[in-house]
Structures are given as C-alpha cells and as structure tokens.
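Worksheet for the structure shown next.
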Amino acid sequence: MSRKPVKKSDADKAWMQPRQGKVKRFAPEYHLIVSEGTDTEPNYFCAIKEKVNITYRNRIQLEVVGMGDNTINLFKRAKELTNSSSYVYKHVWIVYDKDDFPAEHFDRVEGLCEENSNEETIYHAAWSNQCIELWFLLHFSFMQSNLHRNEYWPKLTECLKKIGKGQYEKNRNDMYEILLPYMDEAIKNAKMLEELNEGKTPSCSAPGTKVYTFVEYIKGYL
C-alpha cells in the first residue's frame with residue numbers, strides 16, 4: 001500500500017468520508033528543500049526544519065537535502081527526489097547560487113519550476129545572486145552593490161563581531177539562531193532589491209535573492 005498522504009483534492013470524495021463518529025484529518029503539508037551546497041545551506045535550513053517539524057508535526061513537515069549540484073542539474077535531481085518519494089510534496093524549494101555558472105543555466109531554473117508546477121506540487125526557484133551570504137547580510141543592512149561572493153565573508157564577519165558572534169565561516173551551524181531576531185529586516189531588504197531588479201533576469205539581478213520567499217512562507221511557524 002502507498003504511504004503517500006491523501007491529496008487535499010481527494011479529501012471530499014465519497015470513499016474518503018470518515019465513518020460516523022470519527023474525525024476526518026488531513027496529512028501535514030510536506031516541503032522539500034534541495035540545496036546546491038552541502039554545508040552552509042543545509043545547516044541553515046535544517047535548523048528551521050528542526051524547529052518547525054517538532055512544533056507543528058501534524059500541520060507541516062520539512063525535509064532538507066544538500067545535493068552538491070547546481071542550477072539545471074539541481075532542479076533535475078530535485079524532481080527525481082520528488083517523483084520517487086513516498087510523500088506528496090506540496091512545495092519543492094530549489095536553493096542555488098549564481099557563482100560562476102552560465103547565465104542561461106541560472107535563469108533556466110525559474111522556467112523549469114514554472115513548467116513543472118501543478119496542483120499537486122509547486123516548484124520554487126530560491127536563487128541568490130551571487131550567493132546565499134547575501135541573504136545573511138540583508139539581516140543587518142540593505143545593500144545593492146554588486147560584490148563578488150568572496151567579499152561577502154569579511155562583511156559578514158564584521159557584522160557578526162559587532163553583535164559578539166565571532167567570525168563567519170561557511171560551515172557554521174548557528175546562523176539561523178543568530179539571524180532570527182533580524183528576519184523581518186532581511187525580508188524587507190530582499191523585497192526592496194526585488195523591486196529594484198524588476199524586469200531583469202535572475203542572472204542580471206545582482207545583488208538579489210529569492211531565499212526570502214521560503215522564509216516568509218514558513219515564518220508563521222517560527
């Protein structure tokens with residue numbers, strides 16, 4: 001027998017009606033977060049996952065996978081995971097950076113997400129140009145300079161030292177907890193960048209990030 005949760009579209013069908021005296025229950029809403037990185041992104045998103053899954057296990061469940069792949073290949077692997085899973089993922093979040101990948105590959109993922117989304121599963125392109133460290137920096141201040149990704153690290157270290165949190169490193173596993181108090185500011189700053197980048201492709205939106213779309217969606221559970 002399949003272990004997939006019941007689709008909400010089937011919940012009102014005759015064969016799904018509860019027996020008399022029994023309460024009808026929906027399965028939790030499942031989310032899959034698939035990241036390009038295998039350290040920084042999984043550490044950040046896994047911290048969110050642990051908090052949400054424990055507190056709201058009957059309403060929403062997150063799964064995080066660091067694939068170590070990029071752009072189009074990352075999307076393909078995310079789709080394979082989605083299709084082979086015993087769960088029906090309502091939302092699949094593809095988290096990836098611009099780095100030095102070809103612009104056409106970076107931009108194509110948004111199109112693939114739109115083309116493959118349906119009532120059952122919605123794919124989201126949660127890209128950052130140039131890197132996820134931009135999302136981290138936006139917790140401290142608004143910035144619109146197009147920096148090389150290596151320039152984000154010393155800036156993050158400067159911000160972290162000001163609040164007594166030491167030096168920034170790629171594999172830090174406490175970034176979510178550190179950044180949580182500044183989450184609203186980061187979302188606001190990311191939206192301001194999005195307005196400035198209106199009409200541009202993701203590869204030309206530098207700096208820019210769509211990571212905020214996931215965080216804003218899940219924020220009510222945090």
Side-chain angles (χ1 to χ4, degrees), residues 30-54 61-87 89 91-103 105-110 112-113 116 121 123-139 147-157 159-160 165-180 183 186 190 202-203 206-215 217-218 222:
Y30 287 88
H31 290 241
L32 175 64
I33 302 103
V34 181
S35 73
E36 167 193 342
T38 56
D39 291 315
T40 306
E41 293 91 340
N43 285 343
Y44 178 76
F45 289 104
C46 278
I48 294 176
K49 165 192 166 181
E50 289 174 8
K51 188 168 184 70
V52 171
N53 285 9
I54 291 172
Q61 288 287 298
L62 310 181
E63 182 177 353
V64 180
V65 180
M67 297 298 295
D69 217 327
N70 59 75
T71 59
I72 294 175
N73 285 338
L74 183 65
F75 174 83
K76 290 178 179 177
R77 296 184 70 182
K79 189 174 182 183
E80 289 170 0
L81 281 177
T82 302
N83 291 340
S84 64
S85 175
S86 58
Y87 300 110
Y89 291 113
H91 295 276
V92 178
W93 305 85
I94 318 295
V95 182
Y96 60 106
D97 294 345
K98 172 63 177 70
D99 291 340
D100 294 323
F101 301 119
H105 291 183
F106 187 71
D107 295 337
R108 179 63 181 134
V109 179
E110 273 200 339
L112 289 170
C113 286
N116 288 272
T121 301
Y123 289 87
H124 305 265
W127 53 265
S128 293
N129 189 352
Q130 288 195 356
C131 55
I132 197 171
E133 280 78 11
L134 167 64
W135 167 245
F136 295 166
L137 264 180
L138 291 175
H139 287 71
L147 305 177
H148 187 273
R149 61 185 180 277
N150 290 341
E151 296 180 71
Y152 285 97
W153 299 6
K155 284 187 172 293
L156 268 173
T157 290
C159 292
L160 292 174
K165 298 299 181 180
Q167 184 168 318
Y168 175 71
E169 295 177 359
K170 289 285 288 183
N171 60 352
R172 284 193 68 155
N173 58 12
D174 57 354
M175 289 304 294
Y176 164 72
E177 294 295 340
I178 291 172
L179 299 175
L180 181 58
M183 181 178 286
S203 62
T209 180
K210 285 293 188 72
V211 172
Y212 87 86
T213 57
F214 166 76
V215 176
Y217 185 97
I218 216 74
L222 298 174

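- In this structure, the side chains of Arg77 and Val34 stay at 4.5 Å or more apart for every pair of heavy atoms.
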Q) Does the pair Thr82 and Asn116 meet the rule for a side-chain contact (heavy atoms from CB on, under 4.5 Å), with working shown? A) CA-CA 11 Å; Thr82 302; Asn116 288 272; over 6 Å; no
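- In this structure the side chain of Asp97 reaches within 4.5 angstrom of the side chain of Ile132, judged on heavy atoms.
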Q: For Phe101 and Glu36, run side-chain contact (heavy atoms from CB on, under 4.5 Å): C-alpha distance rounded to whole Å, both residues' side-chain angles, the deciding distance at 0.1 Å, then the answer.
A: CA-CA 12 Å; Phe101 301 119; Glu36 167 193 342; 3.4 Å; yes
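- Within the 4.5 Å cutoff, side-chain heavy atoms of Thr213 are placed close to those of Trp93.
- Remark: the Gln61 side chain and the Tyr87 side chain contain no N/O donor-acceptor pair separated by less than 3.5 Å.
- Between Glu151 atom CD and Leu134 atom CG the span is 12.5 Å, to the nearest 0.5 Å.
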Q. Could you walk me through whether Ser85 and Leu32 pass the side-chain contact (heavy atoms from CB on, under 4.5 Å) check?
A. CA-CA 10 Å; Ser85 175; Leu32 175 64; over 6 Å; no
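- Within the 4.5 Å cutoff, no side-chain heavy atoms of Tyr123 are placed close to those of Leu112.
- Once rounded to the nearest 0.5 Å, the distance linking OH of Tyr176 with CE of Met183 reads 5.0 Å.
- In this structure, the separation between NE2 on His91 and CD1 on Ile33 is 11.0 Å, given to the nearest 0.5 Å.
- Under the side-chain contact (heavy atoms from CB on, under 4.5 Å) test applied with Arg172, the options Leu160, Asp39, Thr40 reduce to a single match, Leu160.
- You'll find the side chain of Glu41 stays beyond 4.5 Å of the side chain of Tyr96, heavy atoms only.
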Q: Just do the side-chain contact (heavy atoms from CB on, under 4.5 Å) check on Leu222 and Lys51 with the steps written out, would you?
A: CA-CA 7 Å; Leu222 298 174; Lys51 188 168 184 70; 4.2 Å; yes
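- Residues Pro202 and Asn129 fail the side-chain proximity criterion, which asks for heavy atoms closer than 4.5 Å.
- Across all non-hydrogen atoms, the minimal contact from Val92 to Ala78 is CG1-CB, 4.3 Å.
- How far CD of Gln167 is from CH2 of Trp153: 10.5 Å, rounded to the nearest 0.5 Å.
- Side-chain rings of Tyr217 and His124 stay apart, their centers remaining 6.0 Å or farther from each other.
- Contact of the Glu63 side chain with the Leu81 side chain is not registered, since no non-hydrogen atoms from C-beta on lie closer than 4.5 Å.
- Remark: His31 NE2 to Asn53 CG distance equals 10.0 Å, nearest 0.5 Å.
- Closest of all the heavy-atom pairs between Cys131 and Tyr152 is SG-CD1, 3.6 Å.
- Taking CG of Leu138 as the start and CG of Leu179 as the end, the distance is 10.5 Å to the nearest 0.5 Å.
- Ring pair Phe214/Phe45: centre-to-centre distance below 6.0 Å.
- Surrounding NZ of Lys170 are more than 12 heavy atoms belonging to other residues, nucleotides or ligands, all under 6.0 Å away.
- With hydrogens and angles ignored, the 3.5 Å screen pairs a side-chain donor or acceptor of Thr157 with a backbone N or O of Tyr168.
- Classified by interplanar angle (parallel below 30°, tilted 30° to 60°, perpendicular above 60°), the ring pair Phe136/Tyr44 is tilted.
- Counting all heavy atoms, side chain and backbone alike, Ala125 lies closest to Lys210 at O-CB, 3.5 Å.
- Although no hydrogens or angles enter the test, the distance criterion places no donor-acceptor pair under 3.5 Å between the side chain of Ser35 and the main chain of Val95.
- Side-chain contact between Trp127 and Glu110 is present, with at least one heavy-atom pair separated by less than 4.5 Å.
- Across Gly66 and Pro42, no two heavy atoms sit closer than the pair CA-CG, 3.9 Å.
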